[in-house]
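I have placed the structure first, in the form of structure tokens, so that the comments after it can refer back to it.
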Amino acid sequence: MSELSHVDGQLPHEPEKATLEGRNKVLGFWLFLGGEVVLFGTLFSVYLALRDQILDGPTPQELFSLPLVAIATLILLTSSLTSVFAIQAMHRNNRTALINWLIVTVILGFGFLGLEIYEFMHYAHMGHEFSTSAFSTSFYTLVGFHGAHVAFGVLWISLLIAQLFKKGLTVVTAPKVYVAGLYWHFVDVVWVFIFSVVYLMGKVG
Amino acid sequence: MADNHATASEPKRRHRVEGPKKHIISFIFSIVLTAIAFALVMSGEMNTMFIYIMLIAMAVGQVFIQMAFWMHMKDRGHMYSIIGIISGVFVVFTMVIMALYWVWW
């Protein structure tokens with residue numbers, strides 16, 4: 001199959017890289033992810049600098065519940081794997097499987113968001129509100145920014161599913177799906193550092 | 001990018017459809033590293049500094065596997081991606097060291 005085979009109605013084997021626009025999208029998205037690394041890195045450094053300043057609020061040891069964090073981690077990790085399966089289905093030019101795996105990814109993303117909302121409400125109930133202490137503010141900013149990324153990703157992938165239904169899998173839609181997959185993996189990568197640095201280190205003290 | 005010319009000039013080169021095996025192995029690796037990190041903290045009888053170092057090692061190992069396989073960074077044509085991410089990581093390192101060692105001096 002040549003890279004131009006889509007001209008006669010066939011999809012090329014890696015449709016996300018078949019056009020210059022697609023390749024530029026992927027490259028530009030990687031540079032954006034470099035910027036996202038800096039964004040989360042600054043939030044992490046603020047959290048690390050302020051995490052001992054708890055004033056009268058609860059301590060991280062009192063707040064964090066590891067089973068809840070473990071379930072959230074498992075959900076997000078699995079959703080990262082299902083988005084890999086979605087991209088593999090795209091490479092097999094199987095639109096139905098692609099859409100189904102993306103739907104599974106979105107459902108898992110909603111599950112993660114639900115857990116996080118429950119978690120934050122529980123913390124607020126325990127007297128750990130946004131303005132309780134420097135620790136609580138930096139905690140909510142860091143973890144909340146990640147949650148906002150998950151929420152944005154869920155919305156983005158849902159819109160892509162709608163577009164795949166409408167326009168099908170083409171050299172125009174394929175780079176969008178690929179880039180959304182990269183984004184979703186990145187959100188999972190950030191979560192790996194959040195559960196290690198915020199929750200597990202917070203539990204150790 | 002150079003590799004685009006390669007694909008265009010070799011139209012007969014067959015594309016190997018990649019199976020899910022590597023990705024499932026990456027997933028199992030990630031689960032195992034996560035489980036070790038949680039178990040270390042839950043056992044709670046070790047030196048704090050040792051646990052910190054182990055947690056960071058588990059996280060970096062897991063992220064490395066995920067970026068290489070799931071984000072295809074191991075594939076060719078990813079030099080600019082690697083440069084972009086490494087420049088971000090460089091800024092993060094300076095920020096974190098600043099936060100840990102300078103803020104409360």
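From a predicted model like this one, the values you see are computed outputs, not experimental measurements. Values reported hereafter were calculated over all heavy atoms of this structure, with side chains retained and with hydrogens, waters and symmetry mates removed. First the proteins, then the strands, lettered A, B, ... as listed; each starts at 1.
- Using a 4.5 Å cut-off between heavy atoms, A:L31 touches chain B through its side chain atoms alone.
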Identify every side-chain donor-acceptor pair in residues 35-44 of chain B under 3.5 Å, counting partners at least two apart or on other chains, and give the distances.
unit_1: B:S43; atom_1: OG; unit_2: B:A39; atom_2: O; d: 3.4
unit_1: B:S43; atom_1: OG; unit_2: B:L40; atom_2: O; d: 2.9

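- When the shell of 6.0 Å around CD of A:Q163 is examined, it contains more than 12 heavy atoms from other residues, nucleotides or ligands.
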B:M95/A:F44 under side-chain contact (heavy atoms from CB on, under 4.5 Å): CA gap, chis, key distance, verdict:
CA-CA 9 Å; B:M95 291 296 293; A:F44 268 107; over 6 Å; no

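- Both the backbone and the side chain of B:I31 come within less than 4.5 Å of a heavy atom in chain A.
- Of all the heavy atoms in B:V92 and A:V37, the pair that sits closest is CG2-O, 3.3 Å.
- Atom OG of B:S30 is separated from atom CG of A:L76 by 11.5 Å, given to the nearest 0.5 angstrom.
- In this structure, the portions of A:V38 lying under 4.5 Å from any heavy atom of chain B include both its backbone and its side chain.
- Closest approach of A:Y178 and B:M71 over heavy atoms only: OH-O, 4.4 Å.
- For residues 51-61 of chain B, the pairs satisfying side-chain hydrogen bond (donor to acceptor under 3.5 Å, both in side chains) are A:R51-B:Y52, with sequence neighbours left out.
- Of the residues considered (B:G84, B:S81, B:S87), B:S81 shows the highest number of contacts with chain A, using heavy-atom pairs under 4.5 Å.
- Interface residue B:M73: only side-chain heavy atoms are found under 4.5 Å from chain A.
- Atom CD of A:E16 is separated from atom NE2 of B:H72 by 7.5 Å, given to the nearest 0.5 angstrom.
- Atom CZ of B:F29 has 12 or fewer neighbouring heavy atoms from other residues, nucleotides or ligands inside a 6.0 Å radius.
- Residue A:L39: no heavy atom, backbone or side chain, is found under 4.5 Å from chain B.
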For side-chain contact (heavy atoms from CB on, under 4.5 Å), just list the numbers for A:V197 and B:I56, CA-CA rounded to whole Å, side-chain angles, deciding distance to a tenth of an Å, and then say yes or no.
CA-CA 8 Å; A:V197 172; B:I56 294 294; 4.1 Å; yes

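- With a threshold of 4.5 angstrom between heavy atoms, A:F40 does not approach chain B through any atom at all.
- For chain A, the nearby parts of B:L55 are the backbone and the side chain; heavy atoms of each come within less than 4.5 Å.
- Per-residue counts of heavy-atom pairs under 4.5 Å with chain B were compared for A:S80, A:G41, A:S45, A:S83; the largest is that of A:S45.
- Your options are B:Q66, B:M98, B:M67, B:M58, and the one with the most heavy-atom pairs under 4.5 Å with chain A is B:Q66.
- Contacts of B:V89 with chain A are made by both backbone and side-chain atoms, with heavy-atom separations under 4.5 Å.
- Residues A:F193 and B:V60 have side chains in contact (heavy-atom distance under 4.5 Å, counting atoms from C-beta outward).
- For B:V91, the part sitting under 4.5 Å from any heavy atom of chain A is the side chain, from C-beta outward, and nothing else.
- To the nearest 0.5 angstrom, B:Q62 atom CD is 7.0 Å from A:D188 atom CG.
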Kindly indicate, with the supporting measurements, whether the criterion side-chain contact (heavy atoms from CB on, under 4.5 Å) is fulfilled by A:W30 and B:I83.
CA-CA 9 Å; A:W30 272 106; B:I83 292 173; over 6 Å; no

As a quick check of understanding, evaluate side-chain contact (heavy atoms from CB on, under 4.5 Å) for B:W70 and A:I87, giving each step before the final call.
CA-CA 10 Å; B:W70 291 356; A:I87 300 296; over 6 Å; no

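- With a 4.5 angstrom heavy-atom cutoff, A:S196 touches chain B via backbone and side-chain atoms both.
- Heavy-atom neighbours of A:D56 CG from other residues, nucleotides or ligands within 6.0 Å: at or below the threshold of 12.
- With chain B as the partner, the residue from A:L200, A:L48, A:V189, A:V84 showing the most heavy-atom pairs under 4.5 Å is A:L200.
- Distance check: B:Y80 OH to A:L27 CG gives 8.0 Å after rounding to the nearest 0.5 Å.
- When heavy atoms are compared at a cutoff of 4.5 Å, A:F186 approaches chain B by way of both its backbone and its side chain.
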